[in-house]
A.B. asks: 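Handing you a structure now.
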Amino acid sequence: MSFLDIRHYKYLTSSIDRNLDFSAFMDFEHHYQVSENKHEYSIERSYFSYKESLVENTVDSSIQSIMDMESKLIPIFAQMERTGVYVDEKKLRDIGEDIARESKNKELEIYDLVGERFNINSAKQVQVILFEKLGIPVSKKIKTGYTVDNEALSLIGQKYEIANIILQYRTLEKLRSTYIDGLLRVINPHTKRIHTTYNQLGASTGRLSSESPNLQNIPSGSGYPARIKSCFCPESSEFSFLVADYSQVELRILASLSGDTSLIETFVRGEDIHTRTARFLFGEDATITSELRRIAKSVNFGVIYGITGFGLSKVINTSPAEATKYIDTFYAMYPGVRAYYQSILDGANKNGYVETFYGRRRYIPGVRDSNKMIRAGAEREAINMPIQGTAADIIKLAMLRISNFLKEGTYKSRMLLQVHDELVFEVHESEKDMMEKQIRSIMEGVFPGPLKLLVDIHTGANWSEAKG
DNA sequence: GCGATCACGT
DNA sequence: ACGTGATCGCA
């Protein structure tokens, strides 16, 4: 079964990637019968047969293989949406009650400290309370006054306990509103499962996005986040959850694409990449504390995003000059990366687009803009896309092969979710060990080259336990 | 209905 | 960098 959706062609070739303009393709409009009821999951509702496609032969050959892959993925995503993921509704409700109770206590504590009631969910009202009523010194200005975001409140919290309580309240309310109430609302009453919608055209890099609900931003970590994730589980005790995730994909891709010997060596030796960068930044003999490793980790991620010293300074809470020094040191220690980035920018200037290892393109009109800010932003997009996009290509290819594998064997195990570098399955006990071997082998085998991709696999009774 | 603000993930 | 979503407060 294979499909071609005209929007994919537009997605892969247009420089206006977010504003899909159908006007050039009006002839094809009658092929669309978009259903209002997404739970019908009728594949035909928005796709038309590949063979009927009139654009089949007009697809630019350079993106043909990506177009092919995306077409073959359509029924796979549709299948995953239709399958959905079971959620323990009662357990989720109970956690919600715990959170609500704790949130209510924080709320009263805040009123008590301030001496008046107000809407803590209103950033505007929090501004008034903190900066006008309590006279706390302000930091960064925004359109409506002074920001009271996480960064600002953390800083204020060093002197004024009220800010810490507000932060705790916010965290609890976020969990309650988005991840308890939000998820309870979308449990399908017939299937008792949550059926997300994957948007194959959602991200300009080639990544998927997930909506109604977004299952790609379920909180991770200990405490309430772990309890919430533990509600995602198999419907029957004959099954386990299996989570397979690519280890450090983007940095490994950067190593492969850039050919930087130092970066490659680090991975080949099996060293911890963040600790390695930390020694580069703070000296070979320095004791790498968790704090120094945390900074190095942010630098490593920052480089993938093409981040500026200014941007990094906010993430690691230091001066822009200091942050710029870290970035410069990174490039000095991994010189192949700098050269690789330059070649990407040269390509973007010459061609107007950048591309992934597999030939997926993103058009970057901003690199030729006369405005310096726009140009700088465009250069960050240009640098990030081949890395993030190659990672997206890799997991999509793996999903295709895994899907084919699952189909051939008439197994009971099913692929449920994709979270950018992670795949979640429910596997039957009788197939568990074999699935682990096969899934790892397929995922690690997708990307060629001397630097192997590594996949971590964990199994457990639910999504939290299987996270390892 | 919609922009602004905030916060969650990779 | 790339996303989605909840809430507020105004239109």
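Residue numbers begin at 1 in each chain, while the letters A, B, ... track the order of the sequences.
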A.B. asks: Any Lys/Arg nitrogen of A:Arg170 or A:Glu173 sitting under 4.0 Å from an Asp/Glu carboxylate oxygen of the other?
C.D. replies: no

A.B. asks: Checking A:Gln216 against A:Gln418: is there a side-chain donor and acceptor pair closer than 3.5 Å?
C.D. replies: yes

A.B. asks: Starting from C1' on B:dT10, measure out to NZ on A:Lys297 and report it in whole angstrom.
C.D. replies: 11 Å

A.B. asks: What is the nucleic acid contact for A:Glu173, judged by heavy atoms within less than 4.0 Å: base, sugar-phosphate only, or nothing?
C.D. replies: nothing

A.B. asks: Please determine, for the side chain of A:Glu211, which listed nucleotide (C:dT4, C:dC8, B:dA7) has the closest atom?
C.D. replies: C:dT4

A.B. asks: For a quick check under 3.5 Å, do A:Ser154 and A:Asn150 share a side-chain donor-acceptor pair by atom type?
C.D. replies: yes

A.B. asks: Quick check on C:dG9: is either OP1 or OP2 less than 4.0 Å from any side-chain nitrogen or oxygen of A:Gln125?
C.D. replies: yes

A.B. asks: Has A:Thr178 got a side-chain N or O lying under 4.0 Å from the OP1 or OP2 atom of C:dG5?
C.D. replies: no

A.B. asks: Nearest to the A:Asp149 side chain among C:dA1, B:dA7, C:dG9, which nucleotide is it?
C.D. replies: B:dA7

A.B. asks: Rounded to whole angstrom units, what separation is found between the CD atom of A:Gln248 and the C1' atom of B:dT10?
C.D. replies: 12 Å

A.B. asks: Using atom CG of A:Leu183 as one end and atom C1' of C:dA6 as the other, report the distance to the nearest whole Å.
C.D. replies: 13 Å

A.B. asks: Ring centroids only, cut at 6.0 angstrom: are A:Tyr334 and A:Phe330 within range, meaning strictly under it?
C.D. replies: yes

A.B. asks: Just by distance, with hydrogens left out, do A:Thr171 and A:Tyr224 show a side-chain donor and acceptor under 3.5 Å apart?
C.D. replies: no

A.B. asks: Looking at C:dT4, C:dC2, B:dC8, which one has an atom nearest to any side-chain atom of A:Ala203?
C.D. replies: C:dC2

A.B. asks: In whole Å, what is the span from the NE2 atom of A:His420 to the P atom of C:dG3?
C.D. replies: 10 Å

A.B. asks: From B:dT10, B:dA7, C:dT7, pick the nucleotide closest to the side chain of A:Asp421?
C.D. replies: B:dT10

A.B. asks: Just call it for A:Asn150: base, sugar-phosphate, or nothing, with non-hydrogen atoms closer than 4.0 Å on any strand.
C.D. replies: sugar-phosphate

A.B. asks: Between A:Glu355 and A:Arg362, does at least one N-O distance fall below 4.0 Å, as a salt bridge requires?
C.D. replies: no

A.B. asks: What is the distance, to the nearest angstrom, from the CG atom on A:Asn119 to the P atom on C:dC8?
C.D. replies: 5 Å

A.B. asks: Within this structure, what is the NZ-to-C1' distance between A:Lys396 and C:dC2, rounded to whole angstrom?
C.D. replies: 13 Å

A.B. asks: Over how many whole Å does the gap from A:Leu208 atom CG to C:dC2 atom P extend?
C.D. replies: 16 Å

A.B. asks: For a quick check under 3.5 Å, do A:Asn462 and A:Ser230 share a side-chain donor-acceptor pair by atom type?
C.D. replies: no

A.B. asks: Within the structure shown, what part of the strands sits under 4.0 Å from A:Ile218 by heavy-atom distance: base, sugar-phosphate, or nothing?
C.D. replies: sugar-phosphate

A.B. asks: Side chains of A:Gln388 and A:Glu250: do they bring a donor and an acceptor to under 3.5 Å?
C.D. replies: no

A.B. asks: Out of C:dC2, B:dC6, C:dA6, which has the shortest distance to the side chain of A:Arg362?
C.D. replies: C:dC2

A.B. asks: Taking 4.0 Å as the cut-off, does a side-chain nitrogen or oxygen of A:Arg185 come that near to OP1 or OP2 on C:dA6?
C.D. replies: yes

A.B. asks: Any idea which of B:dG9, C:dC8, B:dC8 is nearest the A:Ser122 side chain?
C.D. replies: C:dC8

A.B. asks: Classify the nucleic acid contact of A:Glu250 as base, sugar-phosphate or nothing, counting any heavy atom under 4.0 Å across all strands shown.
C.D. replies: nothing

A.B. asks: Scan side-chain atoms only and decide if A:Asn164 and A:Gln168 contain a donor-acceptor pair under the 3.5 Å cut-off.
C.D. replies: no

A.B. asks: Please tell me whether A:Ser210 and A:Thr196 have a donor and an acceptor in their side chains that are separated by less than 3.5 angstrom.
C.D. replies: yes

A.B. asks: Picking from B:dT5, B:dC8, C:dA1, which would you name as closest to the side chain of A:Pro219?
C.D. replies: B:dC8

A.B. asks: Taking OP1 and OP2 of B:dC6, is either one under 4.0 Å from a side-chain nitrogen or oxygen of A:Arg170?
C.D. replies: no

A.B. asks: Would you mind classifying the nucleic acid contact of A:Val249 as base, sugar-phosphate or nothing, using non-hydrogen atoms under 4.0 angstrom?
C.D. replies: nothing

A.B. asks: When you compare the side chains of A:Ser122 and A:Asn119, does any donor N or O come within less than 3.5 Å of an acceptor on the partner?
C.D. replies: no

A.B. asks: Quick one: is C:dG3 close enough that its OP1 or OP2 comes under 4.0 Å of any side-chain N or O from A:Ser204?
C.D. replies: yes

A.B. asks: Output the single nucleotide from B:dT10, C:dA1, B:dC6 whose closest atom is nearest the side chain of A:Thr147.
C.D. replies: B:dC6

A.B. asks: Could you go over nucleotides 1-4 of chain B and give all protein N or O partners under 3.5 Å, atom names and distances?
C.D. replies:
from, atom 1, to, atom 2, distance (Å)
B:dA4, OP1, A:Lys143, NZ, 3.0

A.B. asks: When all nucleic acid strands are considered with a 4.0 Å heavy-atom cut-off, which category describes A:Arg380: base, sugar-phosphate, or nothing?
C.D. replies: sugar-phosphate

A.B. asks: Nearest of C:dG5, B:dC6, B:dT10 to any side-chain atom of A:Ser212?
C.D. replies: C:dG5

A.B. asks: Does anything in residues 106-117 of chain A reach DNA chain B, meaning a heavy atom under 4.0 Å, and if so which residues?
C.D. replies: none

A.B. asks: Figure out the CE/C1' separation between A:Met385 and B:dT10, and round it to whole Å.
C.D. replies: 16 Å

A.B. asks: In terms of side-chain heavy atoms, does A:Thr197 have a donor or acceptor partner in A:Glu211 at a distance below 3.5 Å?
C.D. replies: no

